[in-house]
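We number each residue from 1, following the sequence as shown.
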Amino acid sequence: MSILRPYGDTTGDGMVQVSFTLPMPHSKVAEGAAEQLAHKMGIDPALVVHAKAMGPDFTFFVVYGRVNHLVDTDKVEVVERDYPLLTPKEVNAAIKTGLRRRLTVVGGCIGTDAHTVGIDAILNIKGFAGEKGLEYYRELKVVNLGAQVSVPQLVERAREEKADAVLVSQVVTQKDAHLRNTRELAAAFREAMGEQRPLLVIGGPRFDPAMAADLGVDKVFGRGTTPGEVASYLISALVPQKENAA
């Protein structure tokens, strides 16, 4: 079935739940404004099921109601994984056979971003979702620069390490800071290294994987990405496929 309707209490009832914040103090008028907004969004009937003041000037709402919109899954466009998932053993073997040296990865959080949970989940040996991080792979040299790394610092360290790939995590997204920072990063590497720049890989919960070309990077990973996915991508992008056919 390619045509779907949202599900709430019974199949096909079209019920959805949305949340948002309005810049006004909590009051009955504020709740009425939230309901009005929900109606304009196509939710009818709309019921404000939760309203909570966020300081003196803002109110957070949760609205529950019905929409008439349908979803056609045949028209959904997503970025599918186009490379095989490899085990750590397979990754190590591919690097050893294909590069005949260790593959160097430099990573960190750029700008004012101090949220290292994402980059640590991919790079640190403790890993994420039951998978060991890239430090676990014996054929990978991992340099984790941590938080609040400036773009010039990252470029310089990547040059010093002769990095094959640069991994950057961006969690701070206010006013699209993650997009601006990523474009600045891509421009800096392009200016400093040209075609000889390392592979640029960006990740974070608010990134759309389809935006890689627009942002000037090679790969964008979204939420829930595991170390194994990243390691497998590095092999597909940096090691000739004929070398890792085994």
Determine which pairs satisfy ring-ring contact (aromatic ring centres under 6.0 Å, His included) with at least one residue from [range], sequence neighbours left out, and list them in order.
| range | answer |
| --- | --- |
| residues 175-215 | H178-F207 |
| residues 128-155 | none |
| residues 82-118 | Y83-Y233 |

Can you sort out the partners of [X] under side chain to side chain contact (heavy atoms under 4.5 Å, CB included), two or more places apart, ordered by chain and number?
| X | value |
| --- | --- |
| L37 | F20, L22, M41 |
| T112 | none |
| E156 | R159, E160 |
| E131 | T226, P227 |

Work out which heavy atom in [X] is nearest to a heavy atom in [Y]; give both atom names and the distance.
| X | Y | answer |
| --- | --- | --- |
| M15 | G8 | CB-CA, 3.8 Å |
| A46 | A38 | CB-CB, 3.7 Å |
| L200 | A186 | CD1-CA, 4.0 Å |
| V239 | G98 | CG1-CA, 3.9 Å |

Qualifying residues under salt bridge (Lys or Arg N to Asp or Glu O under 4.0 Å), relative to K141, sequence neighbours excluded: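 Testing K141 for salt bridge (Lys or Arg N to Asp or Glu O under 4.0 Å), a comparison that skips the adjacent residues, returns E161.
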Verify the cluster assignment for [X] and [Y]: are they in a single hydrophobic cluster under the rule of side-chain heavy atoms below 4.5 Å apart?
| X | Y | answer |
| --- | --- | --- |
| V217 | V149 | yes |
| L85 | F221 | no |
| V105 | V151 | no |
| V220 | V106 | yes |

Residue pairs passing the salt bridge (Lys or Arg N to Asp or Glu O under 4.0 Å) test where at least one lies in residues 177-196, sequence neighbours excluded: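 Qualifying pairs: R183-D214.
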Using a 4.5 Å cut-off on heavy atoms from C-beta on, say whether the side chain of [Y] contacts that of [X].
| X | Y | result |
| --- | --- | --- |
| L140 | I95 | yes |
| V63 | L47 | no |
| V168 | L185 | yes |
| E35 | H39 | yes |

Stepwise side chain to side chain contact (heavy atoms under 4.5 Å, CB included) test for V166 and L199: CA-CA 6 Å; V166 171; L199 197 73; over 6 Å; no
Interatomic distance, [X] atom [atom1] to [Y] atom [atom2] [nearest 0.5 angstrom]:
| X | Y | atom1 | atom2 | value |
| --- | --- | --- | --- | --- |
| E90 | S232 | CD | OG | 8.0 Å |
| R101 | L103 | CZ | CG | 6.0 Å |
| S236 | D82 | OG | CG | 6.5 Å |
| Q148 | C109 | CD | SG | 9.0 Å |
| T182 | I202 | OG1 | CD1 | 4.5 Å |
| T59 | K52 | OG1 | NZ | 10.5 Å |

Keeping [X] on the side-chain end and [Y] on the backbone end, is there a donor-acceptor pair under 3.5 Å?
| X | Y | answer |
| --- | --- | --- |
| T104 | K162 | no |
| T97 | A94 | no |
| E139 | V91 | no |

CZ (F60) with more than 12 external heavy atoms under 6.0 Å: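 Result for CZ/F60: enclosed.
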Stepwise side chain to side chain contact (heavy atoms under 4.5 Å, CB included) test for V117 and V171: CA-CA 9 Å; V117 173; V171 176; over 6 Å; no
Derivation and outcome, side chain to side chain contact (heavy atoms under 4.5 Å, CB included), residues V48 and V62: CA-CA 6 Å; V48 176; V62 177; over 6 Å; no
Non-neighbouring partners of N144 that pass side chain to side chain donor-acceptor pair (under 3.5 Å), sequence neighbours left out: D120, N124
Summary of side-chain hydrogen bond (donor to acceptor under 3.5 Å, both in side chains) pairs that have at least one residue in residues 197-211, sequence neighbours excluded: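 Found T173-R206, R197-D218.
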D164/R102 salt bridge by N-O under 4.0 Å criterion: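 No, R102 and D164 are not salt-bridged.
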Output side-chain donor-acceptor pairs under 3.5 Å for residues 64-72, partner residues at least two apart or in another chain, one line each.
{"unit_1": "Y64", "atom_1": "OH", "unit_2": "D9", "atom_2": "OD2", "d": "3.3"}
{"unit_1": "R66", "atom_1": "NE", "unit_2": "D13", "atom_2": "O", "d": "3.1"}
{"unit_1": "D72", "atom_1": "OD1", "unit_2": "D74", "atom_2": "N", "d": "3.0"}

Side chain to side chain contact (heavy atoms under 4.5 Å, CB included) evaluation trace for V29 with M24: CA-CA 9 Å; V29 173; M24 60 188 303; 4.1 Å; yes
